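Read through the structure below, which is laid out as structure tokens, and then see the notes.
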Protein chains: 2
Amino acid sequence: MAKNKIPDLPGKTVERLSQYRRVLYNSIEEGKTNIYSHELAKMMNLTPVQVRRDLMLIGYSGSQSKGYVIKDLIALIGQIIDSEEGEKIAVVGMGNLGRAITSYFTGKREKLSIAAVFDNDPQKTDRIISGVPCHHVNQLKEVIQKENIQIAVLTVAPEATHNVAKMLLDAEIKGILNYTSVPLTVPENVHLEEYDIVTSLEKLAFLVKK
Amino acid sequence: MAKNKIPDLPGKTVERLSQYRRVLYNSIEEGKTNIYSHELAKMMNLTPVQVRRDLMLIGYSGSQSKGYVIKDLIALIGQIIDSEEGEKIAVVGMGNLGRAITSYFTGKREKLSIAAVFDNDPQKTDRIISGVPCHHVNQLKEVIQKENIQIAVLTVAPEATHNVAKMLLDAEIKGILNYTSVPLTVPENVHLEEYDIVTSLEKLAFLVKK
DNA sequence: TGGAAGTTGATATTTTTTTCACAATGATAA
DNA sequence: TTATCATTGTGAAAAAAATATCAACTTCCA
């Protein structure tokens, strides 16, 4: 299997790969060893063609009679989306959402771990929250560089967003997942995913209204 | 079944409209009354052309010299994405994430309110959580229909997801925002938005790895 | 042995979304 | 007035994403 050769995948395909793997794990637990594109599609609410297209893009071939070998497929997806050494994540802002994400995520993935969390409230800092050490934000750069953290999840208050984002960029973070309601601008070499709960609810509300 | 004069907007545009409004509110607070497409674009990390295209699609015209009138634009966006009477939302699953979303969202929007939350733990039910009455899930259909709730946010444990989703469909919910890691399938007349935190982190990790 | 059924892989097509390119407009000032 | 400048609005082109179509392969069964 080709190593280090990461194909240039469409963003949507990458998202789906992560989800394929998740449902494939479920299938394995149910005792299945092989799966057809239409089964995977059904589970993911997609068309079989889309599934086959995605798998084609990552260079995986199944057999016409048995479909895809689940464990091989899981392994290949891992090769593509996981990094070999694993990547470390920081969560900045230990409010409700930050805590929820931290406890929800911890232990979910072998190659992705939340290595540190930050807050500006001394009551929360310098102790362990959901199994992760919580530091004061003024140690942000130091800890991120020392731990070699590459990805940050932003769950701070709106008014703090820009400041914290600047600190993260200063600490040379490589990716930011922004849960605040404040849109960010980052340099080209930093990857940014914006996600706001209010936006998705408003989108749904619009669709329902129609 | 076109209702009134809601144009047939691309899904992406709808998402951006919600975000435009948010940053426009900020601009108003800073004392601005007008804004140019390139300013709005900068704040949202978009191109000016995209901004103009979106506004064109909703039928809003600015002036070449002054740009767009912020308060008119906010009002128009409201006409398009808000429903007149407002819409009610239920959050199902009062774990960390459910509580975080409930407290985060409450009061954020005039026309969208969380009217009820549900859990299956008797310790949590029949009391007020973050200002919202919490019911046992076995009252789900009753409460949803009585309160005329149209949208549900799903934050239950993975193993409960399918059951709860079935109950929601049975209660004739119109839209589901799924935060669990279990993909759902819903009838055509129900709108579904899938969102999983692990997926977005894995996508970021992939991009960073490249 | 031959053909029906069901699947994959891939090319072609369509649809959706974004970007380009520029005419038209209004403001400003020489 | 006329030239210049920055802006909007929009048709056209491009890019991205999803879908359709179908040849080729496997297995099964008559």
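Everything numeric here is computed off the predicted structure, so don't read it as measured data. In what follows, chains carry the letters A, B, and so on, assigned in the order in which the sequence lines appear, proteins first and then strands, with residues in each chain numbered from 1.
Salt-bridge formation is detected for the pair B:K210/A:D8: a Lys NZ or Arg NE/NH1/NH2 atom is positioned less than 4.0 Å from an Asp or Glu carboxylate oxygen. Under a 4.0 Å N-O distance rule, the pair B:K111/B:E85 does not qualify as a salt bridge. Between A:K203 and B:E193 there is a salt bridge, with a side-chain nitrogen of the basic residue lying less than 4.0 Å from a carboxylate oxygen of the acidic one.
The CG atom of A:N34 sits 15 Å away from the P atom of D:dT26 (whole-angstrom rounding). In this structure, B:L57 places its CG atom 16 Å from P of D:dT8, rounding to the nearest Å. Rounding to whole angstrom units, CG of residue B:D54 and P of D:dT8 are separated by 14 Å. Going from atom CG of A:D8 over to atom C1' of D:dA17 covers 15 Å, rounded to whole Å. One interatomic measurement links the two molecules: CE of B:M56 to C1' of D:dA12, which rounds to 12 Å at whole-angstrom precision. In this structure, the CG atom of A:L17 is 13 Å from the P atom of D:dA17, given to the nearest Å. B:Q50 has its CD atom 19 Å from the P atom of D:dA14, to the nearest Å.
Atoms OG1 and CD1, from A:T102 and B:I197 in turn, are 9.5 Å apart once rounded to the nearest 0.5 Å. Here the CG-CG distance, from B:N96 to A:L97, works out to 10.0 Å after rounding to the nearest 0.5 Å. Of the inter-residue distances, the one linking B:N178 atom CG with B:L184 atom CG reads 4.0 Å to the nearest 0.5 angstrom. Distance CD/A:Q64 to OH/A:Y36: 10.5 Å, rounded to 0.5 Å.
With distances taken from any side-chain atom of B:S61 to the nucleotides D:dT21, C:dG9, D:dG9, the minimum falls on D:dG9.
In the helix from C:dT1-D:dA30 to C:dA30-D:dT1, the rotation axis of the first five pairs and that of the last five pairs differ in direction by 20°, rounded to 10 degrees.
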Nucleotide by nucleotide, 5' to 3', does protein get under 4.0 Å of the base (B), only the sugar-phosphate (S), or neither (-) in nucleotides 22-30 of chain C, counting heavy atoms?
---BSS---
With a cut-off of 3.5 Å and sequence neighbours excluded, list every side-chain donor-acceptor pair involving residues 167-177 of chain B.
residue : atom : partner : partner atom : Å
B:D170  : OD2  : B:K141  : NZ           : 3.3

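Along DNA chain D, the nucleotide closest to B:Y60 and the one closest to A:K12 are compared, and the more 5′ of them pairs with B:Y60.
Residue B:R53 places a side-chain atom within donor-acceptor reach of the base of C:dT19, judged by atom type and a 3.5 Å distance cut-off alone.
Residue pairs satisfying the salt bridge (charged side-chain N to carboxylate O under 4.0 Å, His left out) criterion with at least one member in residues 46-69 of chain B, sequence neighbours excluded, are listed as follows: B:R16-B:D54.
For A:H191 (side chain) and B:L207 (main-chain N/O), a donor-acceptor pair under 3.5 Å exists by modelled atom type.
Residues passing the salt bridge (charged side-chain N to carboxylate O under 4.0 Å, His left out) test with B:E202, sequence neighbours excluded: A:R21, A:R109.
Residues from residues 35-47 of chain A placing a heavy atom under 4.0 Å of any atom in DNA chain D, listed by number, are A:T47.
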